[in-house]
Structure formats: C-alpha cells, structure tokens
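Comments concern the structure below.
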Amino acid sequence: MKKVWITLIIIAVATSTLFAQDKSPKTIVQERLSYMKVNLSLSGKENQNFWSVYEQYLKDEMKAMNDYRKNLEKQGIKLGAPGTNKEIIENLTDKQLTYLQDQKFELRKTLLNLETTYYKKYKSILTPKHIHDLYNLEYKYKRGLTQKKKEAKKDTTGPVNTGKKKR
C-alpha cells in the first residue's frame, strides 16, 4: 500500500512539474539532475557510469508525461497543475472523464515500467546504499516541489482550505 501512495505522489509531482508553464522540459530535467548531483555522493567509477543513465531516465520520464498531456489534449482535455483543475474536471463529459482516468492508469503503468527498467540498470552501476539514497533524494526533491507549489498558491490565493472544520 505504501508503494501505491509513493507512486501516486510521484505521478502528482511529476505532473505538476510537467505543467510548470514557465519552464521547458529540458530546464526541468537539468534542474533535477543538478539537484541530484549535488546531493548524491558517488565513488569515481559509479560517478562516471551513472549520470548519463540517470539523465536518460529523466528524459524518458518527461517524455511519458508529455505524451500523457498530449493524449489528453487530443480529447479536448487541457489540465493545469494538480489542485487547479476542479472546474475543468467538473465540465468534462462522461466520455472525457473515462478517457482521463484511463490515461492516468496508462501513465502509472508507463512510469512503473520505466522505473523498473532503470532500477535494473542502477543495480549494475550503484551499490544498494546509493540506490536507496537516490530514491530518497528523488522523494525529497519532488516533495520540495510540491511544497513550493502549495506556498506559491497560498501566497496568491490567501489561506488554503484544508477541509478541516474550525472548532
């Protein structure tokens, strides 16, 4: 169950990264790669072999996200960043909602297959400790993006309703 939640968080953050209107996919990949290079300490041999593989993973992940967005747009579904789509979703037809949900599942499958493929590659390059550190850093990076988006939204819209009742 924990893996499902982590996967959902990754998809949400990746989607929010994808829909960042002011940054190109190449810029997003380079920022994430830079963050990881600064925070992941690798030995000489690991360092030489790993970064090109990881950069390709980031590009493949971004391509999957772009394909997801393009598939939605072909059906007249143009979403913004997660958490900003309530009105858009309320105005979709049943056919569009079904397509949206189908595409979300396809994206999850694609991302899981991508992660599985690259995990196998990482195992041939990195120690188990470094792989563990890599995934922890990715989680922290994506969590940081989510926090920044929440703070930016809070700054522009005022207090955020958390759904909790005041007592």
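- The shortest distance between side-chain heavy atoms of K74 and Y99 does not fall below 4.5 Å.
- Interatomic distance, NZ of K26 versus CG of L33, reported as 12.0 Å (0.5 Å rounding).
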Give the C-alpha distance, both sets of side-chain angles, the deciding distance and a yes or no for side-chain contact (heavy atoms from CB on, under 4.5 Å) between T98 and Q101.
-> CA-CA 5 Å; T98 300; Q101 203 58 48; 6.0 Å; no
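- With hydrogens and angles left out, the side-chain atoms of Q75 and N71 include no donor and acceptor closer than 3.5 Å.
- Put simply, CG on N91 and CD1 on I77 are 12.0 Å apart, with the number rounded to the nearest 0.5 Å.
- Remark: R143 CZ to K140 NZ distance equals 9.5 Å, nearest 0.5 Å.
- Scanning both residues, V53 and I125, for their nearest heavy atoms gives CG2-CD1, 3.7 Å.
- Distance check: N85 CG to E90 CD gives 11.0 Å after rounding to the nearest 0.5 Å.
- For Y54 against M36, the heavy-atom pair with the smallest separation is OH-CG, 3.4 Å.
- Taking each heavy atom of L126 and E46 in turn, the nearest pair found is CA-OE2, 3.5 Å.
- Counting all heavy atoms, side chain and backbone alike, L134 lies closest to L40 at N-CD1, 3.9 Å.
- Between E73 and K70 there is no salt bridge, since no side-chain nitrogen of the basic residue lies less than 4.0 Å from a carboxylate oxygen of the acidic one.
- For the atom pair D67 CG and L72 CG, the distance stands at 11.0 Å (nearest 0.5 Å).
- Between F50 and Y122, the ring centre distance stays below 6.0 Å.
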Could you go step by step and tell me if Q56 and D60 meet the side chain to side chain donor-acceptor pair (under 3.5 Å) rule?
-> CA-CA 6 Å; Q56 188 58 51; D60 290 347; 2.9 Å; yes
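- Contact record, L107 with A64: CD1-O, 3.9 Å, taken as the closest heavy-atom pair.
- If you take CG on L137 and NE2 on H130, they are separated by 10.5 Å, rounding to the nearest 0.5 Å.
- Between Y35 and N39, the shortest heavy-atom contact is O-ND2, 2.8 Å.
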List the steps, then state whether side-chain contact (heavy atoms from CB on, under 4.5 Å) holds for E138 with R32.
-> CA-CA 9 Å; E138 282 189 332; R32 191 160 150 201; 3.4 Å; yes
E61 and E115: CA distance, side-chain angles, deciding distance, side-chain contact (heavy atoms from CB on, under 4.5 Å) verdict = CA-CA 9 Å; E61 181 184 55; E115 285 185 46; 5.7 Å; no
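- The neighbour count for Y135 OH, taken as heavy atoms of other residues, nucleotides or ligands under 6.0 Å away, is above 12.
- With contacts defined as side-chain heavy-atom distances shorter than 4.5 Å, the pair K78/I88 does not qualify.
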Any chance you could lay out the side-chain contact (heavy atoms from CB on, under 4.5 Å) test for E55 and Q30, step after step, and finish with the verdict?
-> CA-CA 8 Å; E55 184 173 6; Q30 288 306 315; 3.2 Å; yes
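- Contact annotation: the side chain of E106 approaches that of K109 to within less than 4.5 Å [non-hydrogen atoms, C-beta and beyond].
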